[in-house]
Every structure is written in structure tokens, then in C-alpha cells.
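What follows is a single structure, written as C-alpha cells, with notes after it.
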There are 2 protein chains.
Amino acid sequence: MQIEPLPRQRRKEARPAEIIEAALLLFHQKGYSATKLDDIARFAGVTKGTVYLYFSSKEALFKAAILETIQPNLDRIEEAVMSSQASATQRLKTAMSSWASSMNECKGSITKLMIAEAGNFPELSDFYIETVVKRSRKLLIHLIQAGIDSGEFRPIDADMLARTIFSPILLTSIWRHTYAKLDPITYSLNQLSDFHLDIIFNGIALSEQS
Amino acid sequence: MQIEPLPRQRRKEARPAEIIEAALLLFHQKGYSATKLDDIARFAGVTKGTVYLYFSSKEALFKAAILETIQPNLDRIEEAVMSSQASATQRLKTAMSSWASSMNECKGSITKLMIAEAGNFPELSDFYIETVVKRSRKLLIHLIQAGIDSGEFRPIDADMLARTIFSPILLTSIWRHTYAKLDPITYSLNQLSDFHLDIIFNGIALSEQS
DNA sequence: ATTTAATAACTAACCAGTCAGTTATTAAAT
DNA sequence: ATTTAATAACTGACTGGTTAGTTATTAAAT
């Protein structure tokens, strides 16, 4: 059985996005080094030569894939949350809900990729940490501090709490992208986030324990 | 300037452990594919040929590194926690403290490695999930259920809570092993775990919100 | 002297990146 | 309308560097 090559097509506009999508999928599945450019090209329905028409190197393709995916999500959440006039509690819930939703699509994949390849792309890691991670954390810390100031929350280390609040959905997102078959997670990131926030606000103890 | 080769030594017993240690460090830093066997060998103070005296392939070395590192930690915690007669609250604190400590040494590195390479080593991932992850989670769920049964905790989804409780130290451990310089975390895993558990038990709300 | 741990030079395969050639598409000319 | 010429998107065979794995040789240890 012979694979019949599809008829050649010229689609200059669609190629880069298709190649990036293929690259993201394979990088995520196998890691950067283990992913062959031939595979990416085949997956995108082109040949390796075409990839090099649009991206100067494998590394450039990797960086483009990361940036193109993150960029669109960056501003949306921040604006949605900062414009609200509700209580800190409510705004925290809204923010986490937005994050949980966006993680479902692509961000989890990116997070995993960045962790796996951080050692090989230090400059890209730097960009990611500064532009995505610290910016997100700053937003969370702001909301937590607002809650403390308004008397909604007891005084507490806001940086520590921000990291704590984020951890479950971030790790679960990575987890689901990694061990979907071996360790399936039945509930959604939104459910998990709601569950965690409810506990954070109210605790689980029936009587006082300290 | 010429590098003077060290005098040859015959240390049959020490070699495997040294090679595994070097491999773990480099796999963790650069990922499996990007790590060269020559580098591992040089780091371990031997040459590539010597590596092949003790490990049949790069993949075998990778698996050995994972297993040798996990195995010793596996039984210790479970026994320490299960033998206790204290309250569920106290046992949960003890268990998480033990986990946090063990993560500091090596487990964080393993967790990150497994996530990064899961796609390339499905059988190893299966072993890891079944032997390490599910076993740990089962222990946590057991303690949580004991707390619910004893009236210490309000009724709650134990599986969800187990994942939630674990997330911060797991993610922070991965994070620290990945972004130590770019996004340093000032407090210890034990501090973070204590902080999170305190909130889980008591919440942060000053007045009732729900 | 014999054994064997360790070496270092070697091989074979793989893969990122190149480029000469092919074909789809556009448009000018008839 | 049809043919023809020009353009540029796309291909796939090739190459050079790299690296997992092998083996003939060396030297440490008994």
C-alpha cells in the first residue's frame, strides 16, 4: 500500500498557523528534542522545506508556537477582572474561573512545555516568567490584598496564598495534558477551582482545631 | 592548555550510583533527548564505554535513574503515617510534612522528569502513576475520610481534596527545580505545606461568605 | 601471569538544514 | 477564450554534523 501524495496547494496565509498548531501538538507530546521537523511538516500537510519558508529554524518555530499561543490570552483576563467593582471574594472567584477556562484550551500545554524545556531556552523562559507568570501573580496578590484591606480576609501572606490558590488548576492542567489516559481526572478545572476557593474561604474544620 | 586525564580507577561498586546521579542531574536539567551520553559519562568521571558496562542503553539508564530514586522513599512515609494513632488532622499534617521534606531532595526532580518525558516512556509512566501517584493519593484519601468519619472535617469530596492538598507542594517543587533563578521561592516546601493546611482547616474568611 | 574494569577510537544511523527542481497560480499577449 | 510567459509556493533528495552504541586495546588489581 502506497501513500498517495495529496495534490499540491498554494496557501501562503494558512500555512504558518497550521505548522504552529502541528508543532505545538508534537512538542507537547514528545518534547522539543524528540520531535522531528519531518513529523511536524507531515502533520501540517506540507514537507520540511515548506516549514523553512516560514520559520528560520526549529528553535524559531518553537518560540513562535509559544508566543502566538500565549499572546492572545494575556490581556483578556486582566481587563475583565480589574474592571469589576464587586467584592474581593467575588473578584477572586471570577479571576480564577477565567483562568480555569483558559487553561482548558491551550495554556496547560504551554505551561508543561515551558517547564520541560526551560533549561534549553533560558531567554524564552525569562520572557514567560516575566510576562505571563509574574503578571498573573501580581493580579492575584492585588485581589488578595484588597480582601485583607476590606476586612473580608484575615491578614495572611498574599504572595504565598497567590501561589497556593493557583497551584491546583495549574498542576491539574499539566497533569491532564500528561496523564490523561493513565490517571484521568473526572471533574473540570472550573469545578476544581470552585472547590478549592470554597475551602480557602471557609476551611473544612467543623470545630476549632488550629 | 590540555586537560590532564585522571589516572584510571577500578571501582566496580561505586560506578552505577555515580552514573545514575549524573544522569538524573543532566536529564533533569536538559531533558532526556537533549542529554548526551558522553556528557553523563564525563560528569560521572568515566567514559561512555564504562556507562555501557553497567547499563544496556540510554533508555535503561533513564529507567534505572527513575526507579532507584523513587524506590527508597516509597515505603518510608506510608509506614510512618499509618502507624500513628493521632487525630486525622494531626496525621494529615505529619504526612504532608514528610512529603514536603522528601520533595526537597529528589522527588521534585523525578516529578518534573516524568511529566516532561511521559509521552516518550508510556510503560514507565504507567508504573509511576500506579506505584507512586495512586498509592500516595490513596493514603491521603484514607486520612481525609478518617477525618470526615470522626467528625473533624465537614463532608467533602476526598479525592478532590487529596489532589488539591498535594498540588501546591508538587507544583512548587517542580517550579523550584525549573525556575530557581528566574522566579525564586523564598520559603520552604514545609512552610508552604503548613500554610496551605492551616487554610484548608480554617479558611481565610473573617465573616461567613459562602 | 591472568583477569577484567575502563578507555578511546570507531561505526552507523539519524536528523536539522539546504537547494535545485517542480508545479500551481497569475497575468500578459494573442 | 486560449495560449504563453513569469512568478513564487512547494517539494524531496542530499549533506554535514552529531550521537547512541561497539570493540580493540590498555592498565589496574590480584
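Below, chains carry the letters A, B, ... as their sequence lines are ordered, and counting in each starts from 1. Keep in mind that the numbers below use all heavy atoms, side chains included, and drop hydrogens, waters and symmetry copies.
For Tyr52(B), whose side chain is taken as the heavy atoms from C-beta onward, the closest listed nucleotide among dA16(C), dA20(D), dA6(C) is dA20(D). For Lys12(A), whose side chain is taken as the heavy atoms from C-beta onward, the closest listed nucleotide among dC10(D), dT18(C), dA9(D) is dA9(D). Of the listed nucleotides (dA20(D), dT11(D), dA28(D)), dA20(D) has the atom at the smallest distance from the side chain of Lys48(B). In the set dG21(D), dC10(D), dA6(C), the nucleotide with an atom closest to the side chain of Tyr54(B) is dA6(C). Taking only side-chain atoms of Leu53(B), from C-beta outward, the nucleotide of dA16(C), dA6(C), dT22(D) with the closest atom is dA6(C). Which of dT26(D), dG21(D), dA9(D) sits closest to the side chain of Arg8(B) comes down to dT26(D). Counting only heavy atoms from C-beta on, Ser57(A) has its side chain closest to dG17(C) among dG17(C), dA16(C), dC10(D).
By the 4.0 Å N-to-carboxylate-O rule, Asp159(B) lies close enough to Arg163(B) to be salt-bridged with it.
Between the base of dA27(D) and the side chain of Arg10(B) there is no donor-acceptor pair shorter than 3.5 Å.
Distances shown here put a side-chain N or O of Thr47(B) below 4.0 Å from the OP1 or OP2 atom of dT7(C). Dashed line: the shortest gap from a side-chain N or O of Arg15(A) to OP1 or OP2 of dC10(D) is under 4.0 Å.
For Lys134(A), the NZ atom sits in a packed shell: over 12 heavy atoms of surrounding residues, nucleotides or ligands are nearer than 6.0 Å.
Annotation: the terminal axes of the helix from dA1(C)-dT30(D) to dT30(C)-dA1(D) meet at 0°, where each axis is the rotation carrying the C1' atoms of four end pairs onto the next four (5 pairs per end, rounded to 10°).
In this structure the side chain of Leu92(B) reaches within 4.5 angstrom of the side chain of Phe153(B), judged on heavy atoms. Using a 4.5 Å heavy-atom threshold, the side chains of Ser136(A) and Trp99(A) count as touching.
Toward the 5′ end of DNA chain C lies the nearest nucleotide of Thr35(A), the other residue of the pair Gly49(A) and Thr35(A) mapping further downstream.
Applying the side-chain hydrogen bond (donor to acceptor under 3.5 Å, both in side chains) rule to pairs touching residues 12-23 of chain B yields Arg11(B)-Glu18(B), sequence neighbours excluded.
Lys48(B) places no side-chain N or O within 3.5 Å of a backbone atom of Lys36(B) that could act as its donor or acceptor partner.
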